[in-house]
Structures are given as structure tokens and as C-alpha cells.
Amino acid sequence: MSLGHRYALSRRGFCICCAVAAGFVRTGGWLSPSQAYAEAQNIVDLIRDDAAKVPIKVHRLRGNVSILEGSGGNIAVLTGADGKVFIDAGITASRPRILEAANGLSRDPIRHLINTHWHFDHADGNQWLNAEGAAIIAHENTHKHLLVAQRVEDWDFNFPSPPLAAVPTEVFSSEKTLTLNRSTLALKHYGPAHTDSDISVNIPEADIFHCGDTYWNGIYPFIDYSTGGNIDGMIKAAEANLAAVTDKTIVIPGHGKPVSDRAELSAYRDMLVAIHENVARLKQQGRSLDETIVAKPTAAFDAKWGQFVITPALFTQLVYRGV
Ligand SMILES: [Zn+2]
């Protein structure tokens, strides 16, 4: 087994991006993704089992916007007379706790769901939210990925095609603006970044900006090359996010501490740029992936950013592939 395929993983919740952690929990050791999945047998059930237990934490922001934390990616909810708008759907097993938390915000029915991208930990709940009455809005590539089975190579995992009720019904290619609950929801495609389907959601009246998985707050991000992501696109997306917000904006990351700001976003961009430079230099010197990992190009950042499931070695591998 090459060093580049050994991932040390810790377990602080489940998501598609963290899914291999389940294998680690069972064996308590270093595993390749395929070994982890062989151990995990049915990763989707494990993720659902975990989501079935984790409590949902509510963060009330402003302008009738709140965050629900604890079911895959960070979910934002806008309440009001036009009905609730969800930004991301979390994992289906959390349904009763998400509903309880959402009912605690207001009694408005759920009318709209926006997917920031196609990944399971952001779109698994699409079907039940649609059954509640939500129209599903997403980028056309999210629609494309949710229509058919998907494979994420880095996790050696095949996701089956979801039921039709989980497939977005309103799609766009570049930008789309909704006006609901006296708020503007400006949706914008990033281009290739974490996947090829990522969008940001800007709510200017509340000055709140949801970055989806182009921003992981305080933790190394996953980059899904299997469905169109790459490190250059992640850096471009971080730059676009910085250009879109001010020091007063509340910035919502896809993962990590859910209430963030421009300063933290800026530190994230700086981390991506520095590691990109370090890995590119080593690769240009002719170092193999294993030699690059041994050279520890992330060392200056590991204490802060390397404490989640995307370990320094795995993040180095994700960057190495794209430079
Ligand atoms: Zn994702």
C-alpha cells in the first residue's frame, strides 16, 4: 500500500466527504478507502444511522435566517410568509430532529429547497423535503448528478441514483435570483471548485452568504475530482467568496464552525494558496506523491486545519493531483 493511500482518519460526524471514517471506527487503524468500504459494507446505512442519533443545533443569525447544524453540511433556513426556504437538505435520518428544529423557528410550511451541490450530505434529504412541499432548486450539474448513479473515486464508492422526488425541478446554468420572504436569494455558480455543481447563496438584506462546500471553516476541505472539482477551482472560489463579502457579512461554510466571517474566510484562502504553492514546487522538482507527503507541505497548517477527517496526507494528495 503506498503512503499516499494511507489516510489517518478521526471521527467527528459523518458526511460523504468523511464517509471513509466509518471504516476507521470499525478497525481503529489506517485504511485505504477500498479497505474502509469493504469494512463498512454499507456506508450509506452507517451515515444514516449516525445522523439518526446526532442532535440538531440551531444558530439564529438575523433577517429570519438560522443555521441547523448536525446533519451533514450546514443547513440554512429562511422563514417567512412565503414558507421556509432551506439551503441544503442534510441527511434523511435526521428528518424528525430537523423538523423539530425548523418548527421551533416558525410554523411556516417548507416551500423551497436550494442544493449548494449534489453531494449526499447536502442532498440526501431532498426527497422528504419535497414531500413536505419544497420545490428543489439547483445548478444544472447538480440535476445531472442526481439523475443517475454517481461514483466518487477517492472514496471508492458508488452512490445509487436517487428517486425522482429528490431530483431538482428548477435548474439554472450561471445565476438565478429568487425573491421570497422579502429577501433576495442570489444563486451563483462557481465553475469547477469542490465539484462542478457548486453554487453560492447570497442574502443581501440580511448580509448572509452561504458558500456551500467551497469553504470548510477551520478544517482541510475535500475536493471531488470525480465530479469536476479541482484545487485551482477551490482557490478561485475562495477568491470569489472574499470578493462577495465584507467584514460585516455572516459567512456560512459547508462544513466546520457554521457561523463564520471574512477574516476566517481569508485565512482559509491563504491556507489553500500556500499549500498549493508548496505542493506544486515539490511536484515540479519531480517528487512522487509519496515523497511529497513525506516532505510535509502542509506542516505549518496541520495543527489548525488537520484535525478533521481530511488529514494532512489526504489533503496533500488532493492538491498534488491538481497541480
Ligand atoms: Zn460536498
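In each ligand, atom 1 is the first atom listed, and ligand 1 is the first ligand listed. The chain is numbered in sequence order, starting from 1.
- Taking the six-membered ring where the residue is Trp, Y220 and F315 present parallel rings, their angle staying beneath 30° rather than reaching 60°.
- Taking the centre and axis of the six-membered ring of Y225, the NZ or CZ atom of R321 falls inside the cone set by 45° and 6.0 Å.
- Distances from the Zn ion (ligand 1) to the N/O/S atoms of H119 are shortest for ND1.
- The ring-ring contact (aromatic ring centres under 6.0 Å, His included) search around H189 returns H139, not counting sequence neighbours.
- Within the coordination shell of the Zn ion (ligand 1), defined by N, O or S atoms under 2.8 Å, D224 is absent.
- The other members of the hydrophobic cluster of W128, by chain and number, are I56, V58, L68, I75, V77, F86, I98, L99, L105, I110, L113, L129, I136 (side-chain heavy atoms under 4.5 Å, ILVMFWY only).
- Counting backbone and side-chain atoms alike, H122 contributes no N/O/S atom closer than 2.8 Å to the Zn ion (ligand 1).
- For residue H117, an N/O/S atom approaches the Zn ion (ligand 1) to within less than 2.8 Å.
- For the Zn ion (ligand 1), the nearest N, O or S atom contributed by D213 is named OD2.
- You'll find the ring centres of H119 and H194 inside the 6.0 Å limit.
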